[in-house]
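Chain letters run A, B, ... following the sequence lines, proteins first and then strands; every chain starts at 1.
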Amino acid sequence: MKLVYFSWVRERIGKESEEVDLPPEVTTVAELLAWLKTRGDEYAAALEHQDVIRVALDMEHVHHSEKLGTPYEIALFPPMTGG
Amino acid sequence: MKLVYFSWVRERIGKESEEVDLPPEVTTVAELLAWLKTRGDEYAAALEHQDVIRVALDMEHVHHSEKLGTPYEIALFPPMTGG
Amino acid sequence: MSEHVTPTIRVQRADFDVAAEIARLTDGRGDIGAVVTFTGLCRDEQGTLNALEIEHYPGMAERQIASVVEQALERWPLTGITAVHRFGRIETGENIVLVVTASAHRQAAFDAAAFVMDFLKTKAPFWKKEHGRADVEGKWVAAARADEESSKKWT
Amino acid sequence: MSEHVTPTIRVQRADFDVAAEIARLTDGRGDIGAVVTFTGLCRDEQGTLNALEIEHYPGMAERQIASVVEQALERWPLTGITAVHRFGRIETGENIVLVVTASAHRQAAFDAAAFVMDFLKTKAPFWKKEHGRADVEGKWVAAARADEESSKKWT
């Protein structure tokens, strides 16, 4: 599974993207975030306030309760500040 | 007293402006319009629908009930269609 | 609400340059977050219209626009405002009127520009005469009740 | 509500040209009565800000802008719409974002432009980092609750 990170999520995790193998029990967005936080201090720091993290599956915003399915790309980022 | 006319008021009366001597009993805008209508068919045609005629005293919009006072210039015109 | 703003008001026969008017409000400044422009153009009314002839009351036209602009400056925190209205013959597709507003915040810029346009329609002494495709005498545009209503929503 | 409109959506590092974008929507047409432009600029925040660095999610940024623009086209009778968002380093006073709307009627042009801006703020994947005057590490701009509220007023 390809994960991509933006803004301070990217900075805190320390990489722009990575390939990960998800354990089979991780099936929702919320479960993905919880699992990522166990991967190291940098993940725990990036995802500390889990509720504010926005997630897009193949460039579509989803709620944290959403099933992951089999997307090509999962993006994690803070609230947007464009315009 | 200088009168100026615009748009179809100007066209119907047939002149852009004129100097008139107002009779002393003409003291309000409404009285001015009523008096002008007696000056000829072209005035009667221009001011037929007296309520829609807009009047400005020295470039300030006024209600028909307003006293004329002694303005330098009185303008008569239809509702505006700028913008 | 706006401080130290000198509005630009022009009533002119010539066309205007939107980019130049934006630059006049923004050049060399760092306090502007939003610029809104409104340009009104001459429609051809499904091919029935060839041109407009716009008559105005010189002096009063500038005064009325300035009065509307002053109200906008009191109501919203603007850093600059420009209003230009053309007169004379205007072909279809050509510009008629321009309002430019600049502010730190987008909502003020949007609202002030819409406000000025709504009031220009009903308060500024301009009159449009329509010239059709044929060589017949033009027809004066009637004032729209909708425009009167639009100007009332701001009170 | 809009018929046969192909929107222009661009996400780019380079600046944009407001006059050229207006011309792209209006040239050779007689059915446009109103053009509204919104330009968002980089403020200096009372001299504390030197520049913004704007990060974006390529692909999704264009998609989200296109989605907002499509909603505007369904909601208002527009004859054309353009949205351009810059990324990369943007100095104070420079342009960040442009929305241009064209319509037969002024209210549709105003409302559609304001709607697109309100939604771009909260739905398009861009993030601003502030670079101050000093040579210190920049700070990410926090999302404003006011922007979230502005996007809700259209529902």
Side-chain angles (χ1 to χ4, degrees), chain B residues 1-20 28-30 32-33 36-37 41-83, chain C residues 9 11 38-43 52-69 83-88 90 95-99 113-130 137-148 150-151:
Chain B
M1 194 77 77
K2 185 182 181 191
L3 299 179
V4 296
Y5 309 122
F6 294 97
S7 183
W8 51 255
V9 173
R10 169 180 59 71
E11 287 184 346
R12 289 179 194 172
I13 290 177
K15 52 185 88 161
E16 293 184 7
S17 69
E18 63 183 319
E19 288 285 341
V20 297
T28 69
V29 170
L32 168 68
L33 295 174
L36 281 171
K37 281 157 85 171
D41 288 349
E42 65 276 30
Y43 291 90
L47 308 177
E48 181 189 359
H49 303 290
Q50 192 172 320
D51 288 353
V52 309
I53 303 296
R54 302 287 195 267
V55 178
L57 304 183
D58 286 340
M59 303 190 179
E60 292 282 352
H61 287 289
V62 291
H63 287 284
H64 287 193
S65 58
E66 197 87 6
K67 288 276 175 198
L68 285 176
T70 54
Y72 169 74
E73 183 172 282
I74 302 176
L76 275 60
F77 45 78
M80 293 146 286
T81 56
Chain C
I9 311 285
V11 175
F38 175 90
T39 309
L41 298 98
C42 178
R43 289 195 309 251
L52 286 173
E53 181 75 31
I54 301 186
E55 184 173 334
H56 76 298
Y57 183 177
M60 184 172 176
E62 291 84 347
R63 244 164 103 148
Q64 290 293 103
I65 296 173
S67 161
V68 170
V69 161
V84 184
H85 203 304
R86 296 180 65 194
F87 63 87
I90 293 178
N95 294 326
I96 298 172
V97 61
L98 172 69
V99 174
F115 171 90
V116 168
M117 278 310 304
D118 281 350
F119 276 82
L120 282 193
K121 291 255 169 194
T122 55
K123 302 290 181 202
F126 292 87
W127 301 272
K128 293 186 184 122
K129 191 171 196 172
E130 295 181 332
E137 169 66 12
K139 195 170 137 288
W140 290 99
V141 173
R145 185 172 299 271
D147 288 330
E148 190 63 43
S150 287
S151 73

key: Closest approach of P58(C) to M59(B) (non-hydrogen atoms, all atoms of both residues)   = O-CE, 3.5 Å
task = Could you check whether the rings of F6(B) and Y57(C) sit parallel, tilted or perpendicular, using 30° and 60° as the cut-offs?
result = tilted
Value rounded to 0.5 Å, distance of CD in E11(B) from CD in E55(C) = 7.5 Å
message = Enumerate the salt bridge (charged side-chain N to carboxylate O under 4.0 Å, His left out) contacts for residues 42-61 of chain B, please, sequence neighbours excluded, ordered by first and then second residue.
response = E60(B)-R63(C)
request  = Under 4.5 Å heavy-atom distance to chain B, tell me which part of I54(C) shows up: side chain, backbone, both or neither.
outcome  = neither
query = Between atom NZ of K129(C) and atom OG of S7(B), what is the distance when rounded to the nearest 0.5 Å?
reply = 8.0 Å
Segment of Q64(C) engaging chain B (4.5 angstrom heavy-atom cut-off) = side chain
message = Quick check on Q50(B): does its CD atom have over 12 non-hydrogen neighbours (other residues, nucleotides or ligands) under 6.0 Å away?
response = yes
query = Quick one: what part of V4(B) sits under 4.5 Å from any heavy atom of chain C, side chain, backbone, both or neither?
reply = side chain
message = With a 4.5 angstrom heavy-atom cut-off, is it the side chain or the backbone of A61(C) that approaches chain B, or both, or neither?
response = neither
request  = Spell out, as yes or no, whether a donor-acceptor pair under 3.5 Å connects the side chain of T81(B) to the backbone of K128(C).
outcome  = yes
Flag side-chain contact, heavy atom, 4.5 Å: F77(B) against M60(C) = yes
ask   = Counting N and O atoms only, with roles assigned by atom type, does the side chain of H85(C) sit under 3.5 Å from a partner on the main chain of G82(B), one being a donor and the other an acceptor?
value = no
query = For the side chain of W8(B) and the backbone of W140(C), is there at least one donor-acceptor N/O pair under 3.5 Å apart?
reply = no
